[in-house]
Participant: 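Shown below is the structure under consideration.
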Amino acid sequence: MRVLGFESSCDETGVALVEVPDHGHGLPRLLAQALHSQIAMHQAYGGVVPELASRDHIRRVLPLTRDVLRDADLTLADIDVVAYTQGPGLAGALLVGAGVAVSLAAALGKPALGVHHLEGHLLSPFLSVDPPEFPFVALLVSGGHTQLMRVDDVGSYEILGETIDDAAGEAFDKSAKLLGLPYPGGPHLAKLAQAGNPLAFELPRPLLRSGKPDFSFAGLKTAVLTQVKRLGDAPSEQQRADLAASTQAVIVELLVRKSLLALKETGLKRLVVAGGVGANALLRQELNEACAKRSVRVHYPELSLCTDNGAMIAMAAGMRLQRDMGRLRRDGSFEVKPRWDLASA
Ligand code: KG4
Ligand code: ZN
């Protein structure tokens, strides 16, 4: 069975095709994928402009689909199921992917399947050369979400803890903006931090000792703002790098500490990191070190699959279908869910 997947929840248009083994328990295999990032378009505004995002998804989605089919050396007739990100995300952006996917499925006489965006992130490490095994603790760190979850199988997600305010990606992005870095700030802040001293600035570590795997990042942004103001109009490059390094160190420390707490609480020995912030090199280094000491295996998606993409959506759909868990629709109707709790997916 072949599944075509569409991702359009925010500022990336992703399309991908996976082959789902008919028999046995082999994992779905990625045949081809194509991605267009809108980052350059939104950069002028310092963040994602929803209306522009939707219009750009419309422009990109069909050419990307043609690229994927060409790369896989297949045609539309070879597709058995069309999957799409049903939520959460920007309503207008979701509607583009969902509308195209469901129309295509109807035209082909094939079923369509809505996928939860975070389930896509969560299962994206199964696309790597060293895929995890269930059960595991998942640290989901994206621009909009920061959650620790116990994952026993596809569709079995128990939230152990989450952020009570900003997401980790948001903390990166907002701090980066205060430092005058372009959108999305996470990778830019990480780059600037390379030349900085992480101990140069004393910043708050909210909820570090709460004893629960929960997070809070809003206070950090306020503290960064206070430091930026203190440095005045012309901070030196070194001061900016030091503040970036100190900020990154706090975010990473919180993520590592809480991940260890979740591992301890569950007694599990496997950690899966997913979502855009999972691309952060310091986070990977610190998690690897901390987990090695505790005989915990850590899995990450390939770097290119950390941020939004179509492959993770096609993969999540494929893994659901293998377990007969996909709510397939054949009537051409659809709805998107801009807000959607993963535990209820
Ligand atoms: O998962 P994702 O692509 O989109 C959402 O579903 O939100 O995550 C995007 C987030 C942004 O906040 C971005 O700044 C952050 O991931 N990010 C990083 C890095 N690469 C992406 N944050 C820190 N370090 C990075 N290397
Ligand atoms: Zn995402």
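When a ligand or atom number is given, it counts from 1 through the structure's own listing order. Any value given below was found using the heavy atoms of this structure, including those in side chains, with hydrogens, waters and symmetry copies removed. Only a predicted model underlies this, so the values are computations on that prediction, with no experimental measurement involved.
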Participant: Report the part of H145 (side chain from C-beta onward, or backbone N, CA, C, O) that has a heavy atom under 4.0 Å from ligand 1; answer both or neither where that applies.
Facilitator: neither
Participant: Backbone or side chain, does any N or O of G186 fall under 3.5 Å from an N or O of ligand 1?
Facilitator: yes
Participant: Do the ring planes of H121 and H117 sit parallel (below 30°), tilted (30 to 60°) or perpendicular (above 60°)?
Facilitator: perpendicular
Participant: Counting each atom of ligand 1 from 1 as listed, which ones have a heavy atom of G144 under 4.0 Å away?
Facilitator: 7 (O)
Participant: So is C10 close enough to ligand 1, meaning a heavy atom under 4.0 angstrom away?
Facilitator: no
Participant: Closest to the Zn ion (ligand 2), which N/O/S atom of D308 is it?
Facilitator: OD1
Participant: What residue and atom, counting heavy atoms only, is the protein's closest point to atom 7 (O) of ligand 1, and at what distance?
Facilitator: G143 N, 2.7 Å
Participant: Where do E12 and H36 land on the side-chain hydrogen bond (donor to acceptor under 3.5 Å, both in side chains) test, with the steps shown first?
Facilitator: CA-CA 6 Å; E12 259 99 26; H36 175 77; over 6 Å; no
Participant: Just by distance, no angles: are the side chains of S210 and D214 close enough, under 3.5 Å, to form a donor-acceptor pair?
Facilitator: yes
Participant: Is G276 in polar range of ligand 1, meaning some N or O pair under 3.5 Å apart?
Facilitator: yes
Participant: At the Zn ion (ligand 2), what angle lies between atom NE2 of H121 and atom NE2 of H117, rounded to 10 degrees?
Facilitator: 100°
Participant: Could you label the plane-to-plane angle of the F334 and Y84 rings as parallel, tilted or perpendicular, counting under 30° as parallel and over 60° as perpendicular?
Facilitator: perpendicular
Participant: Just to be sure I read this right, does ligand 1 sit under 4.0 Å from the backbone of D173, its side chain, both, or neither, counting only heavy atoms?
Facilitator: side chain
Participant: With heavy atoms of T307 as the reference, note each atom of ligand 1 found under 4.0 Å away.
Facilitator: 3 (O)
Participant: Consider every N or O of G169 and every N or O of ligand 1, then say whether any pair is closer than 3.5 Å.
Facilitator: yes
Participant: Could you report the tightest heavy-atom contact between V68 and V15, atom names first, then the distance?
Facilitator: CG2-O, 3.4 Å
Participant: Nearest to atom 2 (P) of ligand 1, what protein heavy atom do you find, and at what distance?
Facilitator: D308 OD1, 3.5 Å
Participant: Cation-pi check, R284 to Y300: give yes when NZ or CZ is under 6.0 Å from the six-membered ring centre and within 45° of the ring axis, no otherwise.
Facilitator: yes
Participant: Are any of the N or O atoms of N280 closer than 3.5 Å to those of ligand 1?
Facilitator: yes
Participant: Under 4.0 Å between a side-chain nitrogen and a carboxylate oxygen: does that hold for R297 and D130?
Facilitator: yes
Participant: Number the atoms of ligand 1 from 1 as they appear, then name those within less than 4.0 Å of a heavy atom of H121, with their elements.
Facilitator: 1 (O), 6 (O)
Participant: Please determine whether the number of non-hydrogen atoms from other residues, nucleotides or ligands lying under 6.0 Å from atom CZ of R323 exceeds 12.
Facilitator: yes
Participant: If you take all heavy atoms of H57 and S8, which pair is closest and at what distance?
Facilitator: NE2-O, 3.4 Å
Participant: Are any of the heavy atoms in H117 under 4.0 Å away from ligand 1?
Facilitator: yes
Participant: Quick one: do the E302 and S128 side chains pair a donor with an acceptor below 3.5 Å?
Facilitator: no
